[in-house]
Amino acid sequence: MRYLVLLVSLLLPSALTAQEWEDRQVFGTSEAVSLRILSSTDTSFFAPIIEDFIETAPHISVEYLVTGTVDLDHAFRASPADFDVVISSAMDLQFKLTNDGFAAPLVDLDHPEWAQWHDRLFAFTSEPAAIVINRKAFGDLPLPRSRQDLIALMRAHPDRFQERVGTYDVRQSGLGYLFATQDARASETFWRLMEVMGRTGARLYCCSGQMIDDLRKGELVMAYNVLGSYAQAQAEQSEELTVILPSEFPTTMMRTVLMSKDARSPQAAEGFIRHLLMLQETGDALKFPLPPLTQSQNDDLLRTINLEPALITYLDKIKKQAFMREWENALVQEYRNYTP
Amino acid sequence: MAVILFVVVRALATQVAQQGQDNILNASLSSILDTAVVRDGSVTLDFPYSSFSMLSTNADDRVYYAIYEDGTLLSGYEKLPAPDVLKADHRHFDTASFSGEKIRIASGARLLLASDGPRTVSVSVAQTQDALSETLNAISRNVALLGVGFFILSSGLALWAASTTSSQLHRLTRSVTRRGPQDLSPVTKAVPTEMGPLVGSLNMFMQRLDHTLQQSEDFIAEAAHRIRTPLATVRSHAEATLQRVEHAENRAALQSMVRAIDESSRAAGQLLDHAMVTFRTENLNMEEVDLVEVLQDLVQRMTPVAEMKDIALSLQTEGPAVLAGDAILLQNALRNLIDNALKYAPSETDVVIRTAKDDGISISILDDGAGFDLAEMHTLSGRFVRGKDTGNKIGSGLGLTIAQEVTTAHGGTMTLRNRPEGGACVTLSF
């Protein structure tokens with residue numbers, strides 16, 4: 001039934017274009033050129049980047065629209081002409097958009113080969129999936145270093161973790177699905193962890209932001225596969241949060257940007273992407289608050305998901321159904337999913 | 001050659017590259033098809049991540065696929081142009097167009113046996129051909145370079161071979177050109193065998209030429225002899241008769257006869273001289289000639305003639321004047337000039353021959369005669385041209401022509417002028 005509902009909502013893009021955005025902000029006052037950016041990234045991370053861009057191009061005003069990765073994919077596929085630039089953390093969905101011909105080529109960009117695909121999709125951050133812990137709620141338990149530690153802890157202290165563990169709902173979050181499939185691909189440990197989390201009645205979230213909020217409030221003791229960049233930003237503000245990168249295989253995602261092939265302001269869109277990649281390269285934390293690219297080849301600790309055709313594997317209908325079924329069997333044993 | 005090489009290699013490379021892409025597509029296809037199973041009554045495929053991972057290319061080629069069960073799309077791209085009917089365990093490769101791009105598509109099928117009967121699962125995997133064409137372009141570039149290199153090399157070799165042959169020819173040409181006028185001996189230098197017949201016939205030709213020249217020289221000498229001798233005989237008879245004849249009319253007739261004989265003899269001599277000069281100037285027999293010696297000899301020989309007219313013939317020199325030239329010709333030219341001077345100079349005057357060495361050698365012959373007619377001065381050296389006021393002087397009009405031709409053949413100039421104090425001056429400058 002759940003899928004039917006999901007499918008119906010997919011087939012009704014008009015309902016989605018009239019959707020409520022998680023956030024919608026307009027930068028710049030000019031009415032000459034307006035650039036519509038569709039993004040899954042919180043506005044707070046992008047505001048400095050957009051403001052810096054508008055300083056160099058004051059004739060452009062930017063409308064920044066934020067929504068979840070899956071929604072974003074549907075909204076863009078439904079009306080690619082409504083958006084100029086698409087930014088998402090769901091690499092697989094972005095890759096498929098590019099593979100399906102939704103992206104326009106941008107040539108002569110001085111960008112590393114491994115961080116771009118087909119001159120159309122450009123990665124501009126390296127962000128690991130992290131385990132985030134509320135230290136107060138965690139109490140005197142030893143901090144886990146790996147997924148194995150996490151499994152052992154939850155098994156040993158079911159009471160403390162009961163209904164206070166969070167992770168992505170892969171059915172709602174494209175990024176969550178990407179992290180989950182990449183984890184599953186890397187190790188069987190993932191499924192054991194999911195089973196243990198299912199037994200402890202894990203809460204499921206659509207987005208990293210809410211998970212971190214609940215962590216800070218102490219409603220969650222631990223969250224798995226949280227976006228490291230978001231968590232780190234919060235951890236710096238509150239002393240309660242600790243960000244841990246699993247030592248055995250930290251999955252690292254690259255946020256990607258593409259320009260719509262039907263962009264209404266293609267020059268502004270290209271200018272923005274060039275500016276974004278340029279800021280990424282300079283690594284000025286004030287103007288670019290996201291973690292810049294790190295080449296995984298040089299760093300074994302960060303296993304970066306490659307931009308390659310294999311990304312469409314888990315987007316295959318049959319594969320996705322099978323994975324979802326297995327994931328639900330493991331995690332949503334009694335359908336105790338969190339609905340805010 | 002280079003073009004054929006290019007076309008053949010390019011065709012071969014296309015085949016190999018296409019084979020390579022087909023192999024990878026086939027591997028990908030097989031890895032997907034192999035995972036097809038019937039579970040709980042429905043077909044499912046749990047294909048590995050590597051199925052598409054292996055399709056990564058440098059050019060980031062796009063990847064498309066479609067999975068069908070009995071012709072119905074299970075998942076993937078629905079509009080992928082896949083073949084309708086596929087035999088199980090058979091692979092089909094095709095080039096098609098999908099969303100505006102050229103793709104290579106591999107298709108295959110498998111028969112699955114479910115409880116309710118057999119089911120056919122077919123899979124198509126497709127890839128764009130950017131990397132392929134990049135590879136082909138790279139190969140084409142290399143082959144084109146190779147072809148051009150091959151062309152340059154073979155042209156270079158051909159040029160080298162041609163120049164080697166033609167340099168032999170040039171050497172032969174030079175050695176023939178450099179020969180002296182009398183040297184008509186056969187070419188004996190070693191030549192390439194291909195040029196043997198040419199050199200052989202050249203040698204034969206030179207032999208014949210040598211022979212002909214010999215004959216013509218003989219003819220000139222013979223003709224001079226044959227004409228002059230009888231004329232001399234006739235003249236001596238006429239002179240003898242003149243002594244005996246007393247009748248004034250007959251004497252006058254005989255005198256004019258002697259004059260005519262003199263004129264003929266001189267003309268014949270000069271004609272032969274001229275023919276000889278013409279012949280010799282074309283084949284100068286260069287040797288060291290001391291002009292002063294030549295002049296001394298001439299003065300000695302012609303003094304009796306001068307004395308007959310009471311003319312003082314003198315030679316003023318500044319030591320030897322050596323010149324590379326044809327002694328016979330130079331002597332002939334100078335003799336004609338002195339002869340002219342003696343002929344036109346009035347009695348009891350001086351004819352002076354003067355040699356000087358400034359930049360080159362110059363010889364001037366000066367007389368106290370009437371000098372040249374200014375209007376005629378330019379035409380006098382032409383053949384058979386005689387001055388108007390020559391009166392009853394015997395002459396053929398070839399004297400100055402001979403002198404002029406000989407001087408020119410030796411790279412010198414002849415100038416005619418009138419002396420301010422009266423009389424003519426002919427100067428030869430070498």
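Per chain, numbering begins at 1; letters A, B, ... match sequence-line order.
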Q.
If I measure from the heavy atoms of chain B, does T181(A) come under 4.5 Å with its side chain, its backbone, both, or neither?
A. neither
Q) Pick from D119(A), L315(A), T98(A), I312(A): which one has the most heavy-atom pairs with chain B under 4.5 Å? A) I312(A)
Q | Close approach to chain B in residues 100-108 of chain A, criterion heavy atom under 4.5 Å | A | D100(A), G101(A)
Q. Which atoms of L307(A) come close to chain B, meaning under 4.5 Å heavy atom to heavy atom: side chain ones, backbone ones, both, or neither?
A. neither
Q.
Which atoms of F95(A) are under 4.5 Å from chain B, going by heavy atoms: the side chain, the backbone, both sets, or neither?
A. neither
Q: Answer yes or no: does atom CZ of F150(B) have more than 12 heavy-atom neighbours from other residues, nucleotides or ligands under 6.0 Å?
A: no
Q | Residue Q116(A) versus chain B: region with a heavy atom under 4.5 Å | A | backbone
Q. Which of residues 42-78 of chain B have a heavy atom under 4.5 Å from any heavy atom of chain A?
A. T44(B), L45(B), D46(B), F47(B), P48(B), Y49(B), F52(B), S53(B), L55(B), S56(B), N58(B), A59(B), D60(B), D61(B), R62(B), V63(B), Y64(B), Y65(B), I67(B), L74(B), S75(B), G76(B), Y77(B)
**Q.** Approximate separation, where rounding is to 0.5 Å, of I32(B) CD1 and K319(A) NZ
**A.** 10.0 Å
**Q.** Neighbour count >12 (heavy atoms, 6.0 Å) for atom CD, E248(A)
**A.** yes
Q.
Please check if the number of heavy atoms outside Q18(B) that lie under 6.0 Å from its CD is greater than 12.
A. yes
Q. With a cut-off of 6.0 Å (strictly less than), are more than 12 heavy atoms of other residues, nucleotides or ligands near CG of D116(B)?
A. yes
